[in-house]
Visitor: 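Dropping a structure here in structure tokens format, bear with me for questions.
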Amino acid sequence: MENLTIILMNVQEQLKVIQQNADKIIGLEDIEKRLARGKRLRIKLGVDPTRPDLTFGHMVVFNKLRQFQDLGHECILLIGDYTATIGDPSGRSDTRPPLTPEEVKSNAKTYLEQAFLILDREKTIIRYNSEWLGKMSFGDMLMLTRSMTVARMLERDDFAKRYAENTPISIVEFLYPLIQGYDSVMLESDVELGGSDQLFNNLVGRKLQEEIGQEPQAVLTLPLIVGLDGVKKMSKSYHNYIGFNDSSKDMFGKIMSIADETMWVYYKLLLLLSDSEIAALKKEHPMQCKKDLAKRLVSRFFGDEVGKKELENFEAVFSRNEIPVDMPGFSWETLFPGKPEAKLIDILIASNQFATNSEARRALEQGSVKVNQIKETDGFSVIPKPERDIVVQAGKRKFFKIFG
RNA sequence: GGUGGGAUACUCAAGCGGCCAACGAGGGCAGACUGUAAAUCUGCUGACAAUUGUCUACACAGGUUCGAAUCCUGUUCCCACCA
């Protein structure tokens, strides 16, 4: 079945798919040669299970792996479980504590659950680098370090920068690219995927394979996607990300909050639209395009029904200033058992929608609170136990309902 | 191993004995304006408290003082330079 796909699609057609959205491809001719002789390519994507929450940044790379899957190639998702238990030192900002094997295992599990929202579960081969790294001796490791020089390491952009700025670089960090490269040797991969920041590391794999006499892997990097701020790359540490685990409402809202320019990038990298398709979209009203983007992406993760629902919700709340179709609700009796009335401030606090009481107070002071669509600034105004539902709103995002 | 420098709220970064819950910038939140945004302008941004009150905070532990983020002592961690 898979082989059939390969036969049906000729080399040039495949190369076109493979090259779509690629940032850099090192060894394109190697890919072409292997395809020409009918080889089923082995694709490697290494993932780091220290942070199990996937963002749309990961989606760009997963999309590419998915494309390879659809072409019928052999796709390996390599979980860096061994490396995670050592601790990833790359954090200039925060040092990540090494994880225990149990943590790694459970992280990997949640990671995979999310990854399969994009990947084809049936066609994904899962491997763990502890399979071989766990068996390596110190001597083996020393052998490996012979293939790399300090000067070459310092070619890597971020190392060079940090060295110049006197920011510390730990020796383990020098070891990481080697370890990653060794993974490629063990897997005998034909192509390694990664974000554009992984170029150097992935090239180390290519080099090691060559030294050992394997056919060197090609390296295909994908652009890093820009985050919600429209400036920095999407990353959890910048708090500018959209996560696979976000609620459908948050996902929709976050997408709507991106800048217009960012939207086209998302169309291209996340939905894989072609340039001509995007050019056509640009003729439409940007707001319409953005709503459509949000709806399509939310549908991708939550299904068409939810996508449609969130669109309606958004239009109601933001375009028509209405209340959303669904929101959290509390019954009066659970909040104020036996009480015939309550102060507005106490209602806000009891609803648990505010991180602190002060925050609730501030919302009132700033005039963002509405009760049944009517603005309220006095926290001490008394609300009687309602006969019918009342809707409380704070800002554009917080809504909740109290039923009597 | 030696010498110097540093540790302040989400981040960066002032403050160097009272006027400090702590300048300023970024971020976040809210309001105005808009096409959802972006940009712009304005306000808020430790907690608790029915206005000006209390508590907790400036690495940690003590001390000096009427009073300390600010001075002293010790501890921990970080950085640079020299070995």
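Values reported hereafter were calculated over all heavy atoms of this structure, with side chains retained and with hydrogens, waters and symmetry mates removed. Proteins come first, then strands; the chains are lettered A, B, ... in the order of their sequence lines, and each starts at number 1. Just so it is clear, the model here is predicted, and its values are computed rather than measured.
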Visitor: Pick the C1' atom in U64(B) and in U73(B), then give their distance to the nearest Å.
Guide: 10 Å
Visitor: Return whichever of Ala355(A) or Asp260(A) has its heavy-atom-nearest nucleotide of RNA chain B closer to the 5' end.
Guide: Asp260(A)
Visitor: Return the CD1 to CG distance between Ile76(A) and Leu65(A), rounded to the nearest 0.5 Å.
Guide: 10.0 Å
Visitor: To the nearest Å, how far apart are Gln393(A) CD and C29(B) P?
Guide: 16 Å
Visitor: Quick one: is the NZ or CZ of Lys290(A) closer than 6.0 Å to the six-membered ring centre of Tyr266(A), and within 45° of its axis?
Guide: no
Visitor: Using the P atom in both, what is the distance from G18(B) to C72(B), to the nearest Å?
Guide: 15 Å
Visitor: Could you give the distance from CD (Gln393(A)) to CZ (Phe399(A)), rounded to the nearest 0.5 Å?
Guide: 3.5 Å
Visitor: Under 4.0 Å, counting only non-hydrogen atoms across every strand here, what does Asn357(A) touch: a base, just sugar-phosphate, or nothing?
Guide: sugar-phosphate
Visitor: When you compare C12(B) with C44(B), how far apart are their P atoms, in angstrom units rounded to a whole number?
Guide: 24 Å
Visitor: Which one, C29(B), A47(B), A37(B), comes nearest to the side chain of Arg362(A)?
Guide: A47(B)
Visitor: With nearest nucleotides of RNA chain B determined for Ile258(A) and Ala363(A) from heavy-atom distances, which residue corresponds to the more 5′ nucleotide?
Guide: Ala363(A)
Visitor: Taking A68(B) as the reference, what is the distance to G15(B) when you measure between their C1' atoms (whole Å, please)?
Guide: 13 Å
Visitor: Does the base of G27(B) carry an N or O that pairs as donor and acceptor with the side chain of Asp229(A) under 3.5 Å?
Guide: no
Visitor: Between U34(B) atom P and Asn321(A) atom CG, what is the distance in whole Å?
Guide: 13 Å
Visitor: Between atom CZ in Arg397(A) and atom C1' in G31(B), what is the gap in whole Å?
Guide: 14 Å
Visitor: Expressed in whole Å, how much space separates the C1' atoms belonging to U40(B) and C33(B)?
Guide: 8 Å
Visitor: Counting side-chain heavy atoms from CB outward, which of A37(B), A50(B), G43(B) is closest to Gln366(A)?
Guide: G43(B)
Visitor: Counting just side-chain N and O atoms, does Ser257(A) come under 4.0 Å of either OP1 or OP2 of A37(B)?
Guide: no
Visitor: Give the rounded distance in Å between these two atoms: CG of Leu364(A) and P of C29(B).
Guide: 19 Å
Visitor: Could you walk me through whether Gln373(A) and Lys370(A) satisfy the side chain to side chain donor-acceptor pair (under 3.5 Å) test, starting with their C-alpha distance in whole Å, then the side-chain angles of each, then the deciding distance to 0.1 Å, before giving a yes or no?
Guide: CA-CA 5 Å; Gln373(A) 304 275 63; Lys370(A) 286 182 188 166; 5.4 Å; no
Visitor: Nearest whole Å is fine: how far is U36(B) P from Glu310(A) CD?
Guide: 18 Å
Visitor: Expressed in whole Å, how much space separates the P atoms belonging to C60(B) and C10(B)?
Guide: 13 Å
Visitor: Among U36(B), C48(B), A50(B), which is the nearest nucleotide to the side chain of Ser358(A)?
Guide: C48(B)
Visitor: Which nucleotide sits closest to the side chain of Arg361(A): G35(B), C29(B), A49(B)?
Guide: A49(B)
Visitor: Only one of Arg40(A), Gln217(A), Arg34(A) forms a side-chain hydrogen bond (donor to acceptor under 3.5 Å, both in side chains) with Asp190(A), so which one is it?
Guide: Arg34(A)
Visitor: Given Arg206(A) and Glu210(A), is the salt bridge (Lys or Arg N to Asp or Glu O under 4.0 Å) satisfied, shown in steps?
Guide: CA-CA 6 Å; Arg206(A) 181 173 162 89; Glu210(A) 216 165 6; 5.5 Å; no
Visitor: Distance between the P atoms of A22(B) and C58(B), in whole angstroms?
Guide: 15 Å
Visitor: Between atom CG in Asn240(A) and atom C1' in A37(B), what is the gap in whole Å?
Guide: 16 Å
Visitor: Roughly how far apart are Phe174(A) CZ and Thr145(A) OG1, rounded to 0.5 Å?
Guide: 12.5 Å
Visitor: Whole angstrom is fine here: how far is it from CG in Leu228(A) over to C1' in U36(B)?
Guide: 14 Å
Visitor: Distance check, P atoms only: G26(B) and C77(B), in whole angstrom units.
Guide: 36 Å
Visitor: Taking only the side-chain heavy atoms of Phe318(A) (C-beta and beyond), determine which of A37(B), C48(B), C29(B) contains the nearest atom.
Guide: A37(B)
Visitor: CD1 of Ile345(A) versus P of A47(B): gap in Å, rounded?
Guide: 13 Å
Visitor: Salt-bridge test for Lys339(A) and Asp346(A): reply yes if a basic N is under 4.0 Å from a carboxylate O, no otherwise.
Guide: no
Visitor: Return one dot-bracket line describing RNA chain B 5' to 3' (Watson-Crick or G-U wobble pairs, both distances under 3.5 Å; ( ) same strand, [ ] crossing, | another strand, . none).
Guide: ((((((((.[[[..)..(.....]]]((((((.......))))))(((....)))...[[[[[..)....]]]]]))))))).
Visitor: Less than 4.0 Å between a side-chain N and a carboxylate O, is that true for Lys291(A) and Glu315(A)?
Guide: yes
